[in-house]
Trainee: 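If you scroll down you'll find the structure; I have some questions about it.
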Amino acid sequence: MNTELKEGINWVGYIDWTVRDFHGYKTDSGSTYNAYLIEDEKCAVIDAVKAPYAERLIDRIKARVELEKIDYVVCNHAEPDHSGGLPALMKVCTNAVLVCNAKCKSALEKHYDTSSWAWKIVDDGDSISLGKRTLSFLNTPMVHWPESMFTYVPEDKLLFSMDAFGQHFATAFRFDDEEPLDVILQEAKAYYANIVMLYGRPISQTLEKAAELEIEMIAPSHGVIWRSHLKEVFEAYKKWVVCKPTPKVIVLYATMWQATEHMAEAILEGVQECDVEARFYNVDTTHPTNIATEVLDCAAIAIGSSTLNNSLMPKMAGVLCYLGGLRPTNKQGFAFGSYGWSKRGGASEVEDRMKDMKIEITREPIRSQYVPTPELLEECREAGRKMGKYAEQFKD
Ligand code: FEO
């Protein structure tokens, strides 16, 4: 495996082939926790790995340099998938100073016993010389946590971008030109949608900051390192930060006795009369991770739920809770669903959740008492047609 990013800079992280859940994100492709070793007149480790894999990190470092020669351990982000290995690493790197910003120090102190650690607190714009190289630090709050920062090596035009530009993608290869581009961009999209979609504005500000740097390589803390397709991932991020709509319509539903499903099918029929991508998801058979990834760039979405006990079907409630946290922007849509003896809950509650997400509501909820009539199904079709027509305007 080629681990060399630049002469004297190597990947020393851990490939997590088997992880399938990342705090609710279904990681079918596994992940990696990327850490990097810079060997210069002074040596630095950039980020760590999840706690259970700390020994693997230490072994990879030891294979290249004596642990006593590590001068700096940089922590760009305190989330435990990157900081969990720090206690073990700091214990064996007896001469190392932990480099991070003040917010990160505070977060690390609340996670671990840091009483024996030596610290160097840096702020935005600060730098440290390693000899031939410099480590420059940029605060990037909310990408992904308040303490997050990037580390930049100007001499190598190399940006350690922490979670930004990452992918939950396990592969034996470390670089973006060693895997198919469509695969890694799709993984980057899923990662963006499920981890950082809520933080579009700060990410946009971070992109502007990064655009001022000369960058030849981006080394994120998950997935492959970008050395050949920086333009493509930057362009993709510019679209994702604003959830830029594409000509795609989603029909998403939860059904009890198939009345809501029949309504969903009729809406889909209307959408399919238009020249757009149509996506159809039953929450019983599609994981929220995949739904969030598709919602990121849809133009419109119809969301339906049968009424259950004056509320929603529980799986739909879960999906809307998940999407509500991620807050996709630039979408319009409407709610639908069946009910029996109570109009409370069901479609009304779906609409409330859509309003909370700031989805532009285009019409009143479509409701069916028990089984939908042909007239009601035609109303569903017409609503689908209107969504499809709206989405057509986003064709290139
Ligand atoms: Fe990969 Fe926000 O941690």
Side-chain angles (χ1 to χ4, degrees), residues 11-36 45-54 56-57 73-87 89 98-101 103-108 110-112 137-151 159-171 174 184 187-207 210 218-226 233 237 240-241 289 292-293 296 322 325-327:
W11 177 90
V12 288
Y14 180 74
I15 304 169
D16 195 346
W17 294 96
T18 59
V19 65
R20 289 294 177 270
D21 179 83
F22 193 93
H23 55 51
Y25 179 154
K26 189 160 165 280
T27 49
D28 286 339
S29 305
S31 193
T32 73
Y33 315 111
N34 295 341
Y36 302 95
V45 175
I46 310 291
D47 289 320
V49 296
K50 252 186 186 175
Y53 313 119
R56 312 289 184 92
L57 165 69
V73 173
V74 176
C75 179
N76 283 318
H77 180 23
E79 192 163 11
D81 50 327
H82 309 294
S83 68
L86 287 178
L89 185 62
L98 195 292
V99 180
C100 66
N101 62 33
K103 280 184 184 165
C104 189
K105 178 171 188 274
S106 170
L108 292 173
K110 291 178 175 71
H111 279 84
Y112 313 110
F137 306 103
L138 292 85
N139 287 337
T140 57
M142 302 320 296
V143 189
H144 157 225
W145 279 11
E147 85 302 340
S148 298
M149 71 175 190
F150 287 175
T151 298
L159 183 70
F160 295 103
S161 65
M162 176 253 314
D163 279 347
F165 308 107
Q167 326 99 53
H168 281 317
F169 182 46
T171 161
R174 305 275 55 84
I184 52 175
E187 294 291 351
K189 179 182 176 185
Y191 184 92
Y192 181 90
N194 285 276
I195 299 286
V196 290
M197 180 151 58
L198 173 63
Y199 310 115
R201 187 184 292 268
I203 293 170
S204 177
Q205 290 163 348
T206 296
L207 289 181
I218 297 177
S221 53
H222 298 286
V224 295
I225 296 156
W226 301 92
V233 75
Y237 258 68
W240 297 338
V241 293
T289 300
T293 304
L296 170 66
Y322 189 70
L326 293 168
R327 293 266 175 144

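As the structure is a prediction and not an experimental result, all values here were calculated from the model. Every number for a ligand or one of its atoms is a count from 1 in the order of the listing.
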Trainee: With no hydrogens and no angle check, do the side chains of His222 and Asp81 hold a donor and an acceptor under 3.5 Å apart?
Mentor: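 There is such a pair (donor and acceptor under 3.5 Å, judged by atom type) between the side chains of His222 and Asp81.
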
Trainee: Under 2.8 Å from atom 2 (Fe) of ligand 1, how many protein N/O/S atoms do you get? Just the number, please.
Mentor: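 Protein heteroatoms (N, O, S) closer than 2.8 Å to atom 2 (Fe) of ligand 1 number 4.
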
Trainee: State whether the side chain of Glu147 and the backbone N or O of Ala78 hold a donor-acceptor pair below 3.5 Å, judged by distance alone.
Mentor: yes

Trainee: What is the name of the N/O/S atom of His222 that is nearest to atom 1 (Fe) of ligand 1?
Mentor: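 Going by distance to atom 1 (Fe) of ligand 1, the closest N, O or S atom in His222 is NE2.
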
Trainee: Considering the options Asp163, Asp47, Asn76, Thr32, which one meets the side-chain hydrogen bond (donor to acceptor under 3.5 Å, both in side chains) requirement together with Ser221?
Mentor: Asp163

Trainee: If I take atom OH from residue Tyr199 and atom OH from residue Tyr192, how far apart are they, to the nearest 0.5 angstrom?
Mentor: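 Rounded to the nearest 0.5 Å, the OH-OH separation comes out at 11.0 Å.
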
Trainee: Going by the rule side chain to side chain donor-acceptor pair (under 3.5 Å), which residues pair with Lys103 if we only count those two or more places apart in sequence or in a different chain?
Mentor: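 Lys103 satisfies side chain to side chain donor-acceptor pair (under 3.5 Å) with no other residue.
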
Trainee: More than 12 heavy atoms of other residues, nucleotides or ligands under 6.0 Å from CZ of Arg201: yes or no?
Mentor: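 For Arg201, atom CZ is not crowded (no more than 12 foreign heavy atoms under 6.0 Å).
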
